[in-house]
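For the single chain, residues carry numbers from 1 onward in sequence order. Ligands are counted one by one from 1 in listed order, and the atoms in each one are counted from 1 as well.
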Amino acid sequence: MRAVRLTHWGGPPAVTEVERPAPRGEEVLVRVEAAGLCGSDLHVLAALPGALPYRPPFTLGHEVAGRVAELGPDAVGPRAGERVVVYGPWGCGRCGHCAAGAENYCDRRAALDAVRTGTGAGLGRDGGLADYLLVPSGRLLLPVGDLDPTQAAPLSDAGLTSYHAVAGLRPTLGDTGGDSERGTGGGHSERGTGAGASVAVIGVGGLGHLAVQVLRATTSARVFAVDVREEAITLAHECGAHFGTVVRADTADVLRKRAGDVGVDAVLDFVGTAATLRLGLSVLRAGGELVLVGSGGGELTVRKPGALPPGLRISLPFWGTRPDLERVVALARSGALRVTTERFPLSRASEAIDALRSGAVRGRAVLVPD
Ligand code: FEH
Ligand code: ZN
Ligand code: ZN
């Protein structure tokens, strides 16, 4: 079978012929139908020796959908032929967090990394930029029914990460459960009411465009989108953002004015650079929440007294839980979540990676075995 592999640290991704694995015990073999590309794949490809707790060679790809091809004798979960999406954070499966479906916060991750088993598909273990993916257990597979695999795959990372980040904002935004009135504003919310709350989404790429849709589908907050690319702002509006702006010198003033001059209740930073963190903090309301999702390497100094908004809460969510993924799949199947994708054949993986690296991808890049 073909696999896009990191053969050595700093090496180029190589489409390689490898032996198709046979599932044993609880393992399940998935025939890959689509695998999304993520900014983290770029970090893995750029990592210097020792920077990550993984040991090449391994196959990339942690955002995968396909059909169950073969089951180990003790496998649980979806049956052969069923279309599934792969829950990407592969924890120990037994600790307190894993038992609650939060393998993204596995208590034993450091121990798993230490024995070089890696933290999941494409993250130290063979991933899904390939014709087949061997999954350690059927507990990591979720049926997606008749959802198109190029729609399903991005849900497992871009969709799940965005959903988990928005879900953490419930205390700030309130949980209305339903959609908001499109385009209406209203006064400013007291925390926890939801109505009139506002959220800035910084970075409308593979994750940001889904976060806009999750916000619109699950909260009544007004959504303000910010990006450096005009086409990303257009995408934000298509996804339901109430307002969008390309970053300019007066963006902070523009956003604060949009948010009733007191600032936005929450900022979702999907970029995570020093500049976006600065912008996010400059538009945040007192008592607001900054959610750092992007791995742009920006740093924040937290000091009291200091220049940060009083009552600031900062969160750094990671990926998402299995129950979150079930809710994301349900949103997609209901039509409330639509992934904008750019498809590439698996054989042109390097071209897709270059496009992602240059910021030329609109929405999410998805590779399809050709
Ligand atoms: C995965 C592994 C490590 C860091 C970040 C990630 C994210 O891409 C998962 O969404
Ligand atoms: Zn990722
Ligand atoms: Zn665990």
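Annotation: Y54 places no N or O atom under 3.5 Å from an N or O atom of ligand 1; distance criterion only.
Ionic pairing of D354 and R357 is present here: one or more N-O contacts between side-chain nitrogen and carboxylate oxygen are shorter than 4.0 angstrom.
The protein heavy atom nearest to atom 10 (O) of ligand 1 is D157 OD1, 2.3 Å. Taking atom 6 (C) of ligand 1 as the reference point, the nearest protein heavy-atom neighbour is S40 OG, 3.3 Å. Nearest protein neighbour of atom 4 (C) of ligand 1, counting heavy atoms only, is F318 CE1, 3.8 Å.
The shortest separation from a heavy atom of H43 to ligand 1 is not under 4.0 Å, leaving the residue out of contact.
The atoms of ligand 1 that sit less than 4.0 Å from any heavy atom of C38 are 8 (O). Ligand-side atoms of ligand 1 in range of L123: 1 (C), 2 (C), range being under 4.0 angstrom from any heavy atom. Short contacts between ligand 1 and T161, defined as distances under 4.0 Å to a heavy atom of the residue, involve ligand atoms 10 (O).
Checking T340 against R364 by side-chain atom types alone, no donor-acceptor pair falls below 3.5 Å. In this structure, a donor-acceptor pair under 3.5 Å is present between the side chains of R5 and T59. Donor-acceptor pairing under 3.5 Å is recorded for the side chains of D370 and S347.
A cation-pi arrangement is found for R20 relative to Y132, the charged atom lying closer than 6.0 Å to the ring centre and inside a 45° cone about the ring normal.
At the Zn ion (ligand 3), the vertex angle linking SG of C98 with SG of C106 is 100° (nearest 10 degrees). The angle D157:OD2 - the Zn ion (ligand 2) - C38:SG amounts to 110°, with values rounded to 10 degrees.
When each of R2, R67, R31 is paired with D131, the salt bridge (Lys or Arg N to Asp or Glu O under 4.0 Å) condition holds for R2 and for no other.
Pairing each heavy atom of W9 with each of Y54, the nearest pair is CZ2-O, 3.2 Å.
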